[in-house]
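Chain letters run A, B, ... following the sequence lines, proteins first and then strands; every chain starts at 1. Every heavy atom of this structure was used, including side-chain atoms; hydrogens, water molecules and symmetry mates were not.
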Protein chains: 2
Amino acid sequence: MSTRPEAGPDLGQAPDPGPVRTPGPGPAPVSLAQRKRQLVATELTEAALQLLALRGFDAVTVDEIATTAGVSKRTFFRYFASKEDVVVQFLAGMGADMRTDLAARPAGERPSEALLHAVSVPLTICGDHADRALPVVRLILRTPALLARFLEHQARWREDLTQELAARLGRDARADLYPRLAAGMALAAFDAVLHRWSEGEEAGGSADPGALIGEAFAVLAPALDSVTP
Amino acid sequence: MSTRPEAGPDLGQAPDPGPVRTPGPGPAPVSLAQRKRQLVATELTEAALQLLALRGFDAVTVDEIATTAGVSKRTFFRYFASKEDVVVQFLAGMGADMRTDLAARPAGERPSEALLHAVSVPLTICGDHADRALPVVRLILRTPALLARFLEHQARWREDLTQELAARLGRDARADLYPRLAAGMALAAFDAVLHRWSEGEEAGGSADPGALIGEAFAVLAPALDSVTP
DNA sequence: CCATGCTTGACACTCAGTGACACAAGCGGC
DNA sequence: GCCGCTTGTGTCACTGAGTGTCAAGCATGG
């Protein structure tokens with residue numbers, strides 16, 4: 001792969017069913033075609049997560065994943081933009097609505113409050129499905145190639161949060177350091193929590209990420225709100 | 001490529017001359033072989049930066065870069081672990097001594113002060129060589145593949161800063177959120193400054209990064225020092 | 001002069017990722 | 001019922017990154 005100027009997989013291009021969600025039933029798609037797509041997608045992620053967790057990222061080829069899922073290599077790339085994406089989209093999908101969530105917060109709310117809520121969304125989801133999410137998070141954090149991709153996604157989140165914050169506060173995202181700085185701080189907290197969660201008690205993940213993020217924001221809050229007292 | 005468990009290029013494996021520095025003469029290596037190595041390395045980075053800045057990351061092949069520099073593709077990969085690394089190492093090399101710098105700060109210093117100095121090092125270097133550094137930074141920030149690699153490097157910095165901070169404060173980097181959180185905040189400031197610097201006045205880069213980072217840390221300081229008053 | 005070690009180029013190979021084309025459903029109109 | 005149309009898929013061929021191997025080339029030290 002490489003830069004992917006504006007490419008990406010041809011995932012349901014009509015009423016975009018959103019990032020492929022893996023196992024959870026959730027709001028099932030309606031059309032037959034959509035359900036078929038969904039089926040193949042989950043089959044692929046399932047196969048990928050199992051194989052990769054078992055043998056490591058490098059020891060598994062895309063061909064293997066595809067064949068295990070019962071499709072061709074070519075079809076794999078019609079669902080995911082890269083080998084890394086099968087794993088990362090699992091996490092990244094959860095963060096996609098951060099911006100929406102931030103935009104939905106009441107206008108007068110302090111930045112620290114609003115950001116805390118936005119960032120909490122994916123973390124509480126993780127916490128609620130720890131059995132599925134924890135192995136994935138661990139795999140990502142300890143595989144350089146996956147980490148790089150994940151951070152790339154995160155950079156997009158940061159961009160989104162920056163824009164949204166700038167809009168909320170009536171500031172210029174270019175000329176003013178604060179919006180990007182605040183977004184970065186929120187994501188730093190996110191990362192710290194993710195690390196702590198994945199490392200704590202190498203057995204079954206320790207404290208609830210929802211609680212940890214609150215702890216982190218207690219430290220951040222004074223700085224986050226210092227610009228709008 | 002992919003995960004690179006512990007691989008990397010066979011860069012001077014004897015008394016490792018450190019990351020290949022590009023043009024600056026600096027403390028020239030002594031041995032003849034070392035100087036030859038250095039020469040090839042700078043030739044490669046020079047060729048790469050020129051071609052990539054001109055035609056974009058995807059439109060240039062490693063073969064081209066190598067041939068332009070007068071060596072073979074195989075030799076390219078003996079100097080750089082990946083196509084991205086030619087560009088990124090330029091920046092990443094500067095950040096490598098962050099940890100050393102942090103460790104060298106007086107023990108009693110407030111975390112915000114110590115971190116500010118550590119993070120300032122690469123930024124002031126950038127500011128001092130803006131004519132060379134700015135195009136590279138812009139290229140990295142707007143090329144997803146390069147950004148991903150750069151963030152991967154930064155993750156290593158964060159790890160280093162985390163360890164060092166934990167040591168300084170006598171805390172446990174695993175159980176305690178604060179060290180990683182503080183390191184993340186410092187790097188968030190770093191990123192914000194880098195963005196601001198690269199975007200400000202699309203002409204020639206605006207305010208001095210050294211000044212910008214001070215501005216950012218003015219916001220961060222209360223949070224950074226809140227744990228050790 | 002010869003042995004040793006380091007660097008390089010040439011070659012072959014794996015694997016990620018893409019483009020092109022042909023083929024098989026599912027579906028609406030007539 | 002048949003005809004198009006769209007959509008998803010497999011096959012094939014191809015580019016380009018990255019690696020292993022081997023056989024020179026060229027410095028050094030004895």
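Ring pair F190(B)/F150(B) is tilted by interplanar angle, where 30° to 60° counts as tilted.
In this structure, R37(A) reaches the dG8(D) phosphate: one of its side-chain N or O atoms is under 4.0 Å from OP1 or OP2. OP1 or OP2 of dT7(C) has not a single side-chain nitrogen or oxygen of Y79(B) nearer than 4.0 Å.
Looking at K83(A) and E64(A), no side-chain N of the basic residue comes within less than 4.0 Å of a carboxylate O on the acidic one, giving no salt bridge. Here R156(B) pairs with E152(B) in a salt bridge; the nearest charged N to carboxylate O distance falls below 4.0 Å. The existence of a salt bridge linking E159(A) and R142(B) is excluded, since no basic side-chain nitrogen approaches an acidic carboxylate oxygen closer than 4.0 Å.
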Test side-chain hydrogen bond (donor to acceptor under 3.5 Å, both in side chains) on D85(B) and S82(B) and set out the steps. CA-CA 5 Å; D85(B) 263 39; S82(B) 70; 3.3 Å; yes

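In this structure, the CZ atom of F77(B) is 19 Å from the P atom of dT7(C), given to the nearest Å. In this structure, the CZ atom of F57(A) is 13 Å from the P atom of dG18(D), given to the nearest Å. Spacing between atom CG of D58(B) and atom P of dG19(C) amounts to 12 Å, rounded to whole angstrom units. Atoms CG (D85(B)) and P (dT19(D)) sit 11 Å apart, rounded to a whole Å. At whole-Å resolution of the value, CZ in R35(A) and C1' in dG8(D) are 16 Å apart. Spacing between atom CZ of R74(A) and atom C1' of dG8(D) amounts to 12 Å, rounded to whole angstrom units. Atom NZ in K83(B) sits about 18 Å away from atom P in dA16(C), given to the nearest Å. Remark: P of dC15(C) and CD of E84(A) are 15 Å apart, rounded to the nearest angstrom.
Nucleic acid contact for K73(B): base, since at least one base atom lies under 4.0 Å from a heavy atom of the residue.
Residue-to-nucleotide contacts include a donor-acceptor pair under 3.5 Å from the side chain of R78(B) to the base of dG9(C).
When each of V62(B) and K36(B) is assigned the nucleotide of DNA chain D bearing its nearest heavy atom, the one mapping closer to the 5' terminus is V62(B). Between F76(B) and V60(A), the residue anchored nearer the 5' end of DNA chain C, judged by the nucleotide with its closest heavy atom, is F76(B). The nearest heavy atom of DNA chain C to V40(B) and to D63(A) marks one nucleotide each, and the one closer to the 5' end goes with V40(B).
A heavy-atom distance below 4.0 Å to DNA chain C is reached by these residues of residues 64-71 of chain B, ordered by number: G70(B), V71(B).
In this view, T75(B) and S72(B) satisfy the side-chain hydrogen bond (donor to acceptor under 3.5 Å, both in side chains) rule, not counting sequence neighbours.
Side-chain atoms of T143(B) never come within 3.5 Å of backbone atoms of I140(B) as a donor-acceptor pair (strictly under, hydrogens ignored).
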